[in-house]
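Worksheet: the structure to be examined is printed underneath.
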Amino acid sequence: MIAIAIACEPKLVIADEPTTALDVTIQAQILDLLRGLKDKLETSIVLISHDLGVIASMCSRVFIMYGGRVVESGLVDEIFYEASHPYAWGLLGSIPEPGEGRRRKLVPIPGSPPDLMAPPAGCAFAARCAKAMRVCAREQPPVTRLSATHRAECWLLDPRVAKRPSAEEAGL
Amino acid sequence: MPRYILKRLFAGILTLLVLVTLTFALMHAIPGGPFSAADERNVPQSVLDKIAAKYELDKPIAEQYFAYLARIASGDLGISFKQEDTTVNELVKQGFPVSARLGLVAVIVALLFGIPLGIASAVKRGKWADWASMILATIGISIPSFVLTVLLMYLFSVKLRWLPVFGLSSWKHYILPVTGLAVAPISYIARLMRSSMLEVMRQEYIVTARSKGLAESAVILKHALKNAIMPVLTYLGPLVAALLTGSFIVERIFAIPGIGRYYVSSIGDRDYSVILGMTVFFGAFIIVSNLIVDVLCALIDPRMKMEG
Amino acid sequence: MIEVKGLKKHFELRNGFFGGKTRTLKAVDGVSLSIGKGETFSLVGESGCGKTTAARTIARIYEPTEGAVIYGGADISRLGRKELLPYRKRMQMIFQDPYASLDPRMTVGEIVGEALDIHALRRGKDREDRIRELVSLVGLKSDHVGRYPHEFSGGQRQRVGIARALAVEPEFVICDEPISALDVSIQAQIINMLEELQEKFRLTYLFVSHDLSMVRHISRDVGVMYLGNLVEVAGVDELFSGMRHPYTKALLSAAPIADPRRAREASRIALSGDVPSPLDPPSGCPFRTRCAMAKGICAESKPELKAVAEGHLAACHFAG
């Protein structure tokens with residue numbers, strides 16, 4: 001499969017969940033192959049994945065999608081250490097803390113994803129969001145620029161909202 | 001659900017219309033007509049014209065077509081060209097109950113034998129019982145029913161004289177025709193049931209049922225059978241339609257006055273209106289029985305949703 | 001509470017028509033472990049390593065070829081269906097695919113109720129109450145009782161599967177990859193629930209998974225399987241910090257770390273080649289064909305699973 005994709009030395013490879021069904025050792029081989037591709041042929045890779053481990057070890061920039069929209073985007077460190085969207089907190093809270101350290105209770109996201117046939121009027125995540133405000137259900141949140149590379153779509157980040165909660169407060 | 005049924009009915013009517021149109025066009029494309037044999041008897045042209053006028057065969061084809069459609073819409077399948085004063089409706093009324101009774105018995109026999117055979121085969125997969133029943137089933141499917149029926153008739157009626165040769169006046173009369181009709185469906189159902197059963201037995205919820213501590217027979221009857229019977233039910237639609245509308249061959253061999261026999265003889269006679277009328281009747285019957293089976297499947301299977 | 005001794009499960013594969021030659025697939029080839037009450041033991045390994053087969057053989061879904069499963073003092077590996085029934089009640093399974101493991105033509109109430117009926121636990125109104133109680137125990141609404149599995153999302157279906165397993169008040173629950181078919185955010189819901197239920201009913205878990213980070217999160221002890229054999233067993237912290245078997249090292253280093261800084265620093269032990277076929281396993285140590293440390297002795301004798309430290313077993317000639 002990968003051989004077919006790289007046969008004509010493309011500038012861009014889109015890898016859609018390339019390792020989802022694979023065992024970790026095989027997954028590691030595939031990821032090594034993709035990394036080699038990036039380094040040797042200078043191929044750009046769009047990696048679609050739900051595996052935060054794979055993302056942390058492969059990507060330079062991350063776009064988090066929810067309900068058909070990019071809700072947060074940034075450099076990999078910005079996403080993993082300075083996440084600003086409640087959905088991003090939810091994702092990071094759902095997995096066990098990486099590496100050693102004490103065992104913390106998992107913080108799952110309640111409920112299930114929205115029905116895209118009848119999308120909610122405001123923020124798609126509002127129904128599952130612990131920090132949701134009235135405006136969230138009514139209006140699509142605007143894009144907030146957090147740095148040159150870091151953006152998020154959430155009403156909590158709007159300057160009109162008095163107090164901005166941080167990731168620490170979300171229990172991370 | 002009602003919306004779905006209405007939609008299907010509408011589609012069925014459209015199908016029927018196409019069927020009528022095609023059959024009508026084909027009938028008229030074939031050289032010769034119902035009264036062309038009369039030529040040999042030197043019937044005067046004036047008489048032929050009169051006959052043609054009586055049955056409206058002198059009108060332009062388009063006009064005949066629309067007149068026919070109008071009659072069908074009112075439930076009148078037309079009159080026979082060959083048998084004086086006999087309408088197609090009457091032929092159907094005479095022949096259909098006979099064919100339907102025979103067909104229904106055959107359907108029941110097919111289910112009664114086919115399903116258990118398939119289950120047994122699946123449960124004993126790879127054992128001799130499986131091999132034996134699958135070999136029988138393959139033979140059952142591949143032997144044409146006219147060969148089998150004639151063989152059975154020769155053996156049981158002519159040689160052994162156990163069973164009557166023709167007619168339908170006692171239960172003994174039913175044995176051979178029903179066997180002739182049911183052997184192929186039994187074989188087909190058995191194979192269908194076997195493969196579907198094997199598929200279901202591989203499913204995880206069967207493992208779940210076993211891990212609950214359920215006895216194997218309960219696992220098979222309660223969980224596997226209920227899920228595996230679906231393909232058989234789906235096959236039931238065309239099967240019921242085919243068997244109830246009569247078999248041309250079996251009815252001919254056993255001289256059973258069913259609807260299939262009329263159909264065959266009407267083709268020989270170029271009896272347009274009977275051919276057309278019966279085709280419409282068969283078509284409508286098949287469409288309706290398929291619809292009924294689909295609705296039944298949907299009622300049984302909670303996963304199937306009635307969406308248009 | 002449960003002790004597995006030298007458990008083997010071999011499958012006879014027939015090729016060709018009418019029997020013919022048979023070959024033996026050694027899916028599980030000698031697994032021994034013990035789990036204490038209220039503890040969680042995890043079996044990890046890659047697909048085809050035999051962890052699911054081992055779990056199912058312990059649950060007596062498969063008949064063991066050899067070995068013993070001691071449960072509450074009795075060997076249950078040879079009991080007939082009738083004698084096994086009381087043990088079935090005490091030992092339940094949760095499956096990987098929550099959709100496939102629920103009969104699509106039964107409502108939630110029927111699925112949960114059937115377990116009660118088999119063991120003749122409750123009748124009439126008492127039974128209905130118990131079903132409702134179970135359904136709310138796993139976080140579903142009581143009006144979900146009349147619904148069919150396809151009307152639920154994956155996470156909810158797994159909740160139904162858990163309610164079904166808990167219906168008979170088991171002591172020991174075998175969770176066979178219970179979360180690997182679910183979304184990340186739903187996985188956490190299910191894991192939390194399993195932990196809460198364990199606390200509430202003092203459940204003992206045998207947890208089968210290939211998700212090392214979840215295993216690390218939930219387990220007390222971990223057994224690593226390779227080609228039908230347990231190659232290393234230890235307490236979870238001991239295993240993740242001081243693994244001795246070269247396969248465990250490779251496996252743990254291959255797992256991606258969801259932390260970019262640490263991921264950049266991490267080094268990986270690459271494994272070459274594929275897992276050998278369990279139809280034709282290598283002589284001696286099963287891992288020797290892919291092991292960087294393999295010497296002559298590894299082909300000659302199969303290393304025993306032996307203690308290398310307190311509560312830490314490894315099956316490697318060089319693990320000491």
Side-chain angles (χ1 to χ4, degrees), chain A residues 19-33 35 49-62 66 74-82 87-113 115 125 128, chain C residues 44-49 139 152-156 180 182-196 210-219 226 236-237 240-241 247 250-266 268-275 290:
Chain A
T19 60
T20 297
L22 302 176
D23 281 316
V24 277
T25 58
I26 310 296
Q27 168 172 282
Q29 290 172 9
I30 300 291
L31 295 183
D32 277 350
L33 195 69
R35 260 186 226 116
S49 177
H50 65 260
D51 186 328
L52 295 174
V54 170
I55 293 166
S57 55
M58 284 292 290
C59 305
S60 37
R61 288 199 297 149
V62 181
Y66 188 81
L75 300 174
V76 66
D77 284 13
E78 287 171 332
I79 296 293
F80 277 84
Y81 305 127
E82 292 152 44
Y87 177 59
W89 300 337
L91 281 182
L92 292 167
S94 301
I95 56 165
E97 198 162 344
E100 307 95 288
R102 86 215 129 78
R103 247 170 269 172
R104 121 184 105 69
K105 200 149 174 58
L106 301 180
V107 189
I109 307 174
S112 31
D115 179 7
F125 189 60
R128 301 172 73 188
Chain C
V44 301
E46 296 175 272
S47 45
C49 72
F152 293 99
S153 65
Q156 289 175 317
S180 56
L182 305 173
D183 268 344
V184 181
S185 66
I186 310 296
Q187 288 189 349
Q189 294 177 3
I190 299 295
I191 288 292
N192 275 359
M193 199 176 74
L194 287 174
E195 286 182 315
E196 280 156 24
H210 65 265
D211 183 337
L212 294 165
S213 58
M214 275 305 176
V215 163
R216 183 169 200 178
H217 176 80
I218 199 171
S219 325
Y226 184 80
V236 64
D237 293 329
F240 277 81
S241 56
Y247 176 66
L251 185 71
L252 296 188
S253 77
I257 306 166
D259 181 335
R261 272 178 218 140
R262 232 177 290 169
R264 282 190 285 267
E265 289 158 12
R268 200 169 68 71
I269 302 159
L271 276 187
S272 56
D274 287 319
V275 184
R290 300 172 76 194

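On a predicted model such as this, the values are computed, not experimentally measured, just so you know. Numbered from 1 within each chain, the chains take letters A, B, ... in sequence-line order.
- Nearest approach of A/Gln29 to C/Arg268, heavy atoms of both residues: N-NH2, 4.4 Å.
- In this structure, chain A has a heavy atom under 4.5 Å from the side chain of C/Ile186, while its backbone stays farther away.
- In terms of heavy atoms, A/Pro108 sits closest to C/Asn192 at CD-ND2, 3.2 Å.
- Looking at A/Tyr87 and C/Ser185, their side chains never come closer than 4.5 Å, going by heavy atoms from C-beta outward.
- For C/Glu265, no part sits under 4.5 Å from any heavy atom of chain A, backbone or side chain.
- Side-chain contact between C/Pro256 and A/Gln27 is present, with at least one heavy-atom pair separated by less than 4.5 Å.
- Chain C forms more heavy-atom pairs under 4.5 Å with one residue of A/Asp51, A/Ile79, A/Val76, A/Leu31 than with any other, namely A/Val76.
- Considering all non-hydrogen atoms of both residues, A/Pro96 and C/Met214 come closest at CG-SD, 3.7 Å.
- When all heavy atoms are compared, the tightest approach of A/Val24 to C/Ala255 is CG1-CA, 4.2 Å.
- The nearest pair of heavy atoms linking A/Ala56 to C/Ala263 is O-CB, 4.0 Å.
- Of the listed residues A/Leu52, A/Asp77, A/Leu91, the one with more heavy-atom pairs under 4.5 angstrom with chain C than any other is A/Asp77.
- Other residues, nucleotides and ligands contribute at most 12 non-hydrogen atoms within 6.0 Å of the CZ atom of A/Arg61.
- Within the 4.5 angstrom heavy-atom criterion, no atom of C/Gln187 approaches chain A.
- Once rounded to the nearest 0.5 Å, the distance linking CD of C/Glu46 with CD1 of A/Ile26 reads 6.0 Å.
- Heavy atoms closer than 4.5 Å to chain C are found in both the backbone and the side chain of A/Ile109.
- Here C/Ile190 contributes atom CD1 and A/Leu106 contributes atom CG; the two are 11.5 Å apart, rounded to the nearest 0.5 Å.
- Of all heavy-atom pairs between C/Ala254 and A/Thr25, the closest is CB-CA, 4.0 Å.
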